[in-house]
**Q** 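Okay, here's the structure, questions in a sec.
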Amino acid sequence: MSNRLPRNFYTRATLEVSKDILGKYLVKKERGKKIVGKIVETEAYIGPRDKASHAYNGKVTKRCKPVYLKGGHFYIYLCYGIHWQLNITTAKKGEPECILIRALEPINDEKARDSKKTNGPGKLCRWMGIDKRFNEEDLVYSKRVWVEDRKDKKIKVVSAKRIGIDYAQEWAEKPWRFYIKDNKFVSRKSKS
DNA sequence: GTACAGATTGAG
DNA sequence: TCAATCTGTACT
């Protein structure tokens, strides 16, 4: 069996999990087909104090409700009416913190590697076939999706400012984006 | 009830 | 540079 990440991996401080989950493998199994992608880029969203978070100021809506679940669940929502965003919740139940998965490195899929199908939060969801059916999925117990540790050799992690949240003012300056140094699958856009 | 903006992407 | 396209939120 796999080295699935346990609950206590996710329930730690969000910034720690954001860094540690880089280089881990996201596995999805559906209709007998297995899709594996290495996580190479993340962003941390720490509501309610993070203005860029959907849970800023303690807001609870139908959409962002899963963020309040304990660490280890999927939080999936539609952005701009077109693109799905894949998040993994962190911290304890009632604490609205999560990690946005921004990029994956496709494993065992040369075609996807060549055509850059996973270097953006919306694109990786399309590639993996992830949509709202997976919302609130528990990564610790789910039979169709989980994250596993393949004991990759030490990777180099870089931090940077988050992307696409200019409206969040000073919170947009927080270096809460993390990615694997020199990895080709990290998403392109980057504010200078 | 209506109006509007958004954690993006791909085409022009 | 800009439209696609839908949900939550803040109005009327």
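A quick note: this is a predicted structure, and the numbers were derived from the prediction, not measured. Below, read A as the first sequence line, B as the second, and so on, with proteins coming before strands; counting in each chain starts at 1.
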**Q** Calculate the interatomic distance between Ile163(A) atom CD1 and dG6(B) atom C1'; express it in whole Å.
**A**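 Between C1' of dG6(B) and CD1 of Ile163(A): 16 Å.
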**Q** Quick one: Ile165(A) CD1 to dT8(B) P, roughly how many Å, whole number?
**A** 9 Å
**Q** Got a sec, which residues hit ring-ring contact (aromatic ring centres under 6.0 Å, His included) with Tyr75(A), two or more places apart in sequence or on another chain?
**A**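 Applying ring-ring contact (aromatic ring centres under 6.0 Å, His included) to Tyr75(A) gives Tyr77(A).
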**Q** Output the rounded distance in Å from CG (Asp131(A)) to P (dT8(B)).
**A** 19 Å
**Q** Got a sec? Which of residues 11-25 of chain A come in under 4.0 Å of DNA chain B, heavy atoms?
**A**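 Correct list: empty, so none.
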**Q** Would you measure the distance from the P atom in dA5(B) across to the matching atom in dT12(C) and give it in whole Å?
**A** 16 Å
**Q** With Glu105(A), which residues qualify under side-chain hydrogen bond (donor to acceptor under 3.5 Å, both in side chains), at least two apart?
**A** Arg113(A), Asn183(A)
**Q** Per the salt bridge (Lys or Arg N to Asp or Glu O under 4.0 Å) rule, what does the pair list look like for residues 45-61 of chain A, sequence neighbours excluded?
**A** Asp50(A)-Arg162(A)
**Q** Sequence neighbours excluded, which residues qualify as salt bridge (Lys or Arg N to Asp or Glu O under 4.0 Å) partners of Lys174(A)?
**A** none
**Q** What pairs with Asp109(A) under salt bridge (Lys or Arg N to Asp or Glu O under 4.0 Å), at least two apart in sequence or on another chain?
**A** none
**Q** For dT5(C) versus dG12(B), give the span between their P atoms, rounded off to a whole number of Å.
**A** 14 Å
**Q** Considering only residues two or more places apart or on different chains, which pairs with a residue in residues 78-89 of chain A satisfy side chain to side chain donor-acceptor pair (under 3.5 Å)?
**A**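 Pairs touching residues 78-89 of chain A that pass the test: none.
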**Q** If you restrict it to nitrogen or oxygen atoms, what contacts under 3.5 Å exist between nucleotides 4-8 of chain C and the protein, and what is each distance?
**A**
unit_1	atom_1	unit_2	atom_2	d
dT5(C)	O2	Tyr80(A)	O	2.2

**Q** Write down the distance between CG (Asn57(A)) and P (dA10(C)), rounded to a whole number of angstrom.
**A** 10 Å
**Q** Using whole Å, what does the distance between atom C1' of nucleotide dT8(B) and atom CG of Leu124(A) come to?
**A**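 After rounding, the reported distance stands at 12 Å.
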**Q** Restricting to pairs with a member in residues 8-53 of chain A, which pass ring pair (Phe, Tyr, Trp, His ring centres under 6.0 Å), not counting sequence neighbours?
**A**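 Counting only pairs at least two positions apart or across chains, no ring pair (Phe, Tyr, Trp, His ring centres under 6.0 Å) contact touches residues 8-53 of chain A.
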**Q** Minimum heavy-atom separation for Leu78(A) to Ile82(A), with atom names?
**A**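 Of all heavy-atom pairs spanning Leu78(A) and Ile82(A), the closest is CD1-C, 3.7 Å.
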**Q** Tell me the interatomic distance from Lys116(A), atom NZ, to dT8(B), atom C1', rounded to whole angstroms.
**A** 18 Å
**Q** What is the nucleic acid contact for Leu100(A), judged by heavy atoms within less than 4.0 Å: base, sugar-phosphate only, or nothing?
**A**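 The answer is base, as Leu100(A) lies within the cut-off (heavy atoms under 4.0 Å) of a base atom.
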**Q** Could you tell me the separation between the OH atom of Tyr77(A) and the P atom of dA5(B), rounded to a whole number of Å?
**A** 17 Å
**Q** Atom CD of Glu41(A) and atom CD1 of Ile180(A): how far apart are they, to the nearest 0.5 Å?
**A** 10.0 Å
**Q** Partners of Arg31(A) by salt bridge (Lys or Arg N to Asp or Glu O under 4.0 Å), sequence neighbours excluded?
**A**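 Partners of Arg31(A) under the salt bridge (Lys or Arg N to Asp or Glu O under 4.0 Å) test: none.
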**Q** When hydrophobic residues are tied together by side-chain contacts of less than 4.5 Å, even through go-betweens, does Ile163(A) share a cluster with Ile101(A)?
**A**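 Per the 4.5 Å side-chain linkage, Ile163(A) and Ile101(A) are not co-clustered.
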**Q** Applying salt bridge (Lys or Arg N to Asp or Glu O under 4.0 Å), name anything that partners Arg12(A), two or more places apart in sequence or on another chain.
**A** Asp20(A)
**Q** Please report, rounded to the nearest Å, how far the C1' atom of dT8(B) is from the NE2 atom of His54(A).
**A** 12 Å
**Q** Check DNA chain C for consecutive Watson-Crick or G-U pairs with both distances under 3.5 Å and list the runs of at least three as stems.
**A** B:1-6 with C:6-11, B:8-11 with C:1-4
**Q** Think Arg162(A) has a side-chain N or O under 4.0 angstrom from the OP1 or OP2 of dT8(B)?
**A**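 No, Arg162(A) has no side-chain N/O under 4.0 Å of OP1/OP2 on dT8(B).
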